[in-house]
Amino acid sequence: MSDTAIESEIQAKGLTAPRVTPQMIDDAVSAEYSFTAWNALGEGVPRLESLKLLTICVLVLKNGFTVTGESACANPENFDAELGHKIAKQHAKDKIWPLMGYALKSQLIEKATQA
């Protein structure tokens with residue numbers, strides 16, 4: 001189930017308490033970089049052909065923190081750069097959810113203790 005589908009179900013059920021939303025995840029990202037491991041290597045570094053099949057996505061969050069996602073294709077015949085990027089980006093975004101969930105919980109606890 002996609003993040004958007006889950007968010008739609010949450011809204012349909014009227015669950016309106018503070019929560020992390022897909023839009024908040026998207027809004028937290030200030031920059032995005034995607035490349036294959038092959039292209040990331042500097043000169044003089046041995047390059048294995050399999051590194052052409054490993055796509056890496058780096059998301060830079062607005063606070064400067066970075067998260068990464070990866071997508072590795074087992075068969076070169078199935079490699080598609082665009083699809084690899086989409087998968088790697090989703091894997092990186094999946095790492096933002098617990099970070100933002102922790103931040104939200106901290107805010108809620110702080111607010112509750114001040115009341």
Side-chain angles (χ1 to χ4, degrees):
M1 191 173 229
S2 72
D3 292 342
T4 306
I6 292 170
E7 179 62 20
S8 293
E9 186 172 341
I10 289 169
Q11 290 179 12
K13 291 183 177 193
L15 303 173
T16 59
R19 66 184 188 286
V20 178
T21 66
Q23 187 62 54
M24 291 168 71
I25 299 296
D26 290 340
D27 291 346
V29 177
S30 65
E32 174 183 327
Y33 303 92
S34 186
F35 46 86
T36 64
W38 175 274
N39 292 332
L41 297 176
E43 290 199 28
V45 177
R47 294 177 185 231
L48 303 173
E49 287 295 311
S50 60
L51 296 177
K52 292 179 179 179
L53 307 176
L54 173 61
T55 304
I56 300 164
C57 180
V58 178
L59 299 179
V60 181
L61 305 184
K62 288 185 177 175
N63 67 2
F65 193 75
T66 58
V67 292
T68 60
E70 305 80 26
S71 172
C73 182
N75 187 329
E77 294 175 23
N78 290 329
F79 180 76
D80 179 275
E82 183 180 340
L83 184 56
H85 165 72
K86 287 178 183 178
I87 294 168
K89 181 178 179 180
Q90 186 58 52
H91 288 171
K93 286 174 68 174
D94 288 346
K95 294 177 181 179
I96 301 172
W97 285 95
L99 298 172
M100 293 193 64
Y102 176 85
L104 175 60
K105 183 65 174 180
S106 295
Q107 292 171 2
L108 294 173
I109 292 296
E110 185 175 325
K111 195 175 195 178
T113 58
Q114 292 176 354

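One-based numbering along the sequence shown.
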Checklist line | Partners passing side chain to side chain contact (heavy atoms under 4.5 Å, CB included) against Ser2 (at least two apart in sequence or in another chain) | finding: Thr4, Ala5

Note to self: Gln107: which residues meet the side-chain hydrogen bond (donor to acceptor under 3.5 Å, both in side chains) condition with it, sequence neighbours left out?
What the structure shows: none

Notebook entry, point to check: How many angstroms lie between atom NZ of Lys111 and atom OG1 of Thr113, to the nearest 0.5 angstrom?
Noted result: 11.5 Å

Checklist line | Interatomic spacing from CD1 in Ile87 to OG in Ser34 - rounded to 0.5 Å | finding: 11.0 Å

Notebook entry, point to check: For the residue pair Ser71 and Gly84, what are the closest heavy atoms and their distance?
Noted result: CB-O, 3.4 Å

Notebook entry, point to check: Excluding sequence neighbours, so at least two apart, what forms side chain to side chain contact (heavy atoms under 4.5 Å, CB included) with Glu7?
Noted result: Ile10, Gln11, Arg19, Thr21, Pro22

Checklist line | Leu104 reachable from Met24 in the ILVMFWY side-chain graph, under 4.5 Å edges | finding: yes

Next item on the list: Flag yes if Leu108 and Ile25 sit in one hydrophobic cluster, no otherwise; membership is Ile, Leu, Val, Met, Phe, Trp, Tyr, and two members link when side-chain heavy atoms are under 4.5 Å apart.
Entry: yes

Checklist line | Residue list, side-chain hydrogen bond (donor to acceptor under 3.5 Å, both in side chains) with Arg47, at least two apart or on another chain | finding: none

Next item on the list: Output the distance between atom CD (Gln90) and atom NE2 (His85), rounded to the nearest 0.5 Å.
Entry: 11.0 Å

Next item on the list: Flag yes if more than 12 heavy atoms outside Lys95 fall under 6.0 Å of its NZ atom; otherwise flag no.
Entry: yes

Next item on the list: Check step by step if side chain to side chain contact (heavy atoms under 4.5 Å, CB included) holds for Glu32 and Lys93.
Entry: CA-CA 11 Å; Glu32 174 183 327; Lys93 286 174 68 174; over 6 Å; no

Give every donor-acceptor pair under 3.5 Å between a side-chain atom in residues 52-67 and any protein atom, sequence neighbours left out.
unit_1	atom_1	unit_2	atom_2	d
Lys52	NZ	Glu49	OE1	3.2
Lys62	NZ	Asp27	O	2.9
Asn63	OD1	Phe65	N	2.9

Side-chain donor-acceptor distances from residues 73-81 under 3.5 Å, at least two apart:
unit_1	atom_1	unit_2	atom_2	d
Asn75	OD1	Glu77	N	2.9
Asp80	OD1	Glu82	N	3.2
Asp80	OD1	Leu83	N	2.8

Margin query: In this structure, would Met1 and Leu15 fall into the same cluster of hydrophobic residues linked by side-chain contacts under 4.5 Å?
Written below: yes

Checklist line | Leu41 vs Leu51, side chain to side chain contact (heavy atoms under 4.5 Å, CB included): CA-CA, chis, key distance, verdict | finding: CA-CA 9 Å; Leu41 297 176; Leu51 296 177; 3.4 Å; yes

